[in-house]
J.: 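Before I ask anything, let me first share the structure, which is written out below as structure tokens.
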Amino acid sequence: MIAGVGWLLARPGTTGATATALPVVAFAIMTALLLTVIGGAQSFWTWTDDIAVTYQALAVIALVLLVAPLASLGGAAARLSARRRDDRLATLRLLGATPEAVSALAVIESVVLATLGALVGVVAYFALVPPLALIPFRGEALGVEGVLLGWPALIAVPVGVSLLAAVSAVVGLRLVVISPLGVRTRQDAPKLHWLRLLVGVVVVVLAVGIVAVLRVAASAVLILAMLGLAFGAALAVQNLVGPWVIRLVARAQVRTARTPAKLLAARTVLESPKAAWRQVSGVAMTSFMAVFAGSGVAVLNAFGEAPDLESRLLLDDIRTGILITVIGSFLMVACSVGVNQAAAILDRRDLYESLAKLGMPTSTMDAARRRSVMSPLRITAFGAALTAAVVMLPLTGVTLIVAPLSLAVIAAVLAGGIGVVWLGLAATRPLLGRAGRVEA
Amino acid sequence: MSSFVIEASGLSKSFGPTRALAGVDLSVRTGESLAIMGASGSGKTTLLHCLAGITRPDAGTVGFRSGTGQVEITGLSERECSRLRREAFGFVFQQGLLIPELTAVENVALALMLNGMPRGRAEQHGRGWLAALGLAGMEDRRIGQLSGGQAQRVAIARAQVTGASVVFADEPTGALDSTTSSEVMQALLDSTTGQGRTLVLVTHDASVATRCSRIVDMRDGRIVGERVGAAEVAA
């Protein structure tokens, strides 16, 4: 009987069409981007000459950098899918369904939505193949044959996405125990210890020290290893310090907010600085990498006379790779922000409607949620870029003098990326308009 | 004889095939507490929404008289309606529907800030209203740290802080136990009619309705009866 009722409750109603479509769209975007990234990287493995290994190593670094924003997007899609079910699962519990039955239904529903989305994502990937094939590396376009994935990958990725959805559903159910009344009590705003900052400063100082002693390093391998260590340490510290800095800024903004939108935005961020960080943390990694590697390439270009065409192409390709990784990262963050915001609007539909009844203009509500995303994003993007500049201080200083245009390009790409996220946010504005519509 | 603050005439409203209001005439006197009663689907919330400029009726008019003159709400644009609701009306909903991230005083002050008042002054006014409603010392608590009754008092403060001449309440005690419900209702009456303001309240709870000065009963989108409440009898 529970299974029958479960099916009735699981069926998307007319009012829940948007809520059903959104996770499907989110999983589709995630699958398409994942296949595109793998497709692009795959083309590097079709080369077999000596320098191919360098390209493959750089591709791996780019993939690692894209894991964070991709995971953030996947998490957002899974959370959106989970939020959609909470109320109906609580109803099932009230009807007497066992926790096991509720868990099973939750997992099945997530997997079905994820699979649907993944299949749409595969179709979208095929549409992206032609433009992807035009990207030039080593002096020529990658070509359709290079970036087109084989059947094993085209099957494995959707299966992986569905599995991710299943795992997220199980973890989500374990984290949020759905009571029969569906009551979720709000805790106090979380506190983040200042020790995070201390650890962060120590690690950055160590990284600066490592970079400073590079000139006395004996071999190229040691230099690469130490650079890798400095890079990794600085990235790790960002996850530690990022939420703390976001909270610190939000607290200051709460104190100084003079308009309803600013007050609402700052309070929203302060409610969960970790969530605000999670949403944009992918940008931290890419911003850091853009400055870190971009400075290095710019200096090499300015001073180093490339001995041959191959080396010159490699430097050009590293720059192309950096730009693609930064753009890809911002695209994923933009999608993740769009998905998160859509979920937040659906979650708070009653509140938005009541605020509209009170006479709060939709523009004020929109400005508040826009600030709550853009402020942490700006802190993250520019904070990470600044950290990289500090860690690579001698190099960034030299770059500023000998190749200011390279830094300007990096800054422009970061600014463009922030603009893309803003567009992702703007895409959910109509949803807010509908949520805040009081005319029944 | 009291003057009318709201006068509605011939209000009709349908949602698809469902007729929510079928030619309602209603006048609300300044300073009175009016309860609109009826079963689910009787049209009481739709009537409240039409009176407050939230929903536009298919036919009929709603006039609002204030110290500065008279406006026909049904002739206002959506933007003008929003402004009227923000500046002249207050609202209390069943669940309070306060903003959970904000503190109690920020929730109250927000209503004033939306009208352009500086935050410092807005919070000062907000603290005054919270104290008057028995919430002194709780101003900086977040909504999740308040009980249901306390949260509803914050909602009442938010509705009143702008100096609203009419407060509309939709099942304001619907989510509360009987004792808390009685206390919240008293706070609502004290802060509205007790200050010469007008209260229009929708409820299905007879014990809440009888505390108002006038009760109208609705059925199938029409007003089918009118009674005097306990507040009028006591007066």
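Labels below follow one simple rule: chain letters A, B, ... track the order of the sequence lines, proteins then strands, and each chain is numbered from 1.
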J.: Taking everything shown except B/Arg127 itself, do over 12 heavy atoms lie less than 6.0 Å from its CZ?
T.: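 Yes - once you tally the heavy atoms of other residues, nucleotides and ligands closer than 6.0 Å, there are more than 12.
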J.: Are any non-hydrogen side-chain atoms of B/Ser82 and A/Met360 less than 4.5 angstrom apart?
T.: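 Sidechains of A/Met360 and B/Ser82: no contact.
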J.: Quick one: are B/Arg85 and A/Leu358 in side-chain contact, heavy atoms under 4.5 Å?
T.: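 Sidechains of A/Leu358 and B/Arg85: no contact.
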J.: Would you mind reporting whether A/Ser354 and B/Leu98 have side-chain heavy atoms less than 4.5 Å apart?
T.: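 No, too far: nothing below the 4.5 Å cut-off.
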J.: Heavy-atom count around A/Arg370 CZ within 6.0 Å, excluding the residue itself: above 12?
T.: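 Enclosed.
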J.: With the side chain counted from C-beta on, respond yes when B/Glu106 and A/Val254 share a heavy-atom pair under 4.5 Å apart, and no when they do not.
T.: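 Of all side-chain heavy-atom pairs linking A/Val254 with B/Glu106, at least one is under 4.5 Å.
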J.: For A/Thr268 and B/Glu101, work out which heavy atoms get closest and say how close.
T.: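 Where A/Thr268 meets B/Glu101 most closely, the heavy atoms are CA-CG, 4.1 Å.
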J.: Which bit of A/Ala261 is near chain B, if near means a heavy-atom gap under 4.5 Å: side chain, backbone, both or neither?
T.: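 Answer is neither: A/Ala261 stays 4.5 Å or more from chain B.
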J.: Find the distance between CZ (B/Arg142) and CG (A/Leu270) and round it off to the nearest 0.5 Å.
T.: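 Reported to 0.5 Å precision, the distance equals 8.0 Å.
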J.: Would B/Phe168 and A/Lys357 count as a side-chain contact (heavy atoms from CB on, under 4.5 Å) here? Give the steps.
T.: CA-CA 11 Å; B/Phe168 294 94; A/Lys357 282 179 184 169; over 6 Å; no
J.: Does B/Asp140 CG have over 12 foreign heavy atoms under 6.0 Å away?
T.: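 Yes - once you tally the heavy atoms of other residues, nucleotides and ligands closer than 6.0 Å, there are more than 12.
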J.: Should B/Ile99 and A/Arg267 be marked as a side-chain contact (heavy atoms from CB on, under 4.5 Å) after you check the CA-CA gap, both sets of side-chain angles, and the distance that decides it?
T.: CA-CA 10 Å; B/Ile99 302 173; A/Arg267 280 287 185 200; over 6 Å; no
J.: Given the rule in the side-chain contact (heavy atoms from CB on, under 4.5 Å) test, do A/Leu263 and B/Arg119 qualify, once you have shown the distances and angles that lead to the verdict?
T.: CA-CA 10 Å; A/Leu263 178 62; B/Arg119 184 175 167 192; 3.6 Å; yes
J.: Is there a side-chain contact between B/Met113 and A/Thr259 in this structure, where contact means two heavy atoms from C-beta onward sitting under 4.5 Å apart?
T.: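 SC-SC contact between B/Met113 and A/Thr259 ruled out.
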J.: More than 12 heavy atoms of other residues, nucleotides or ligands under 6.0 Å from CZ of A/Arg429: is that the case?
T.: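 Above 12, so yes.
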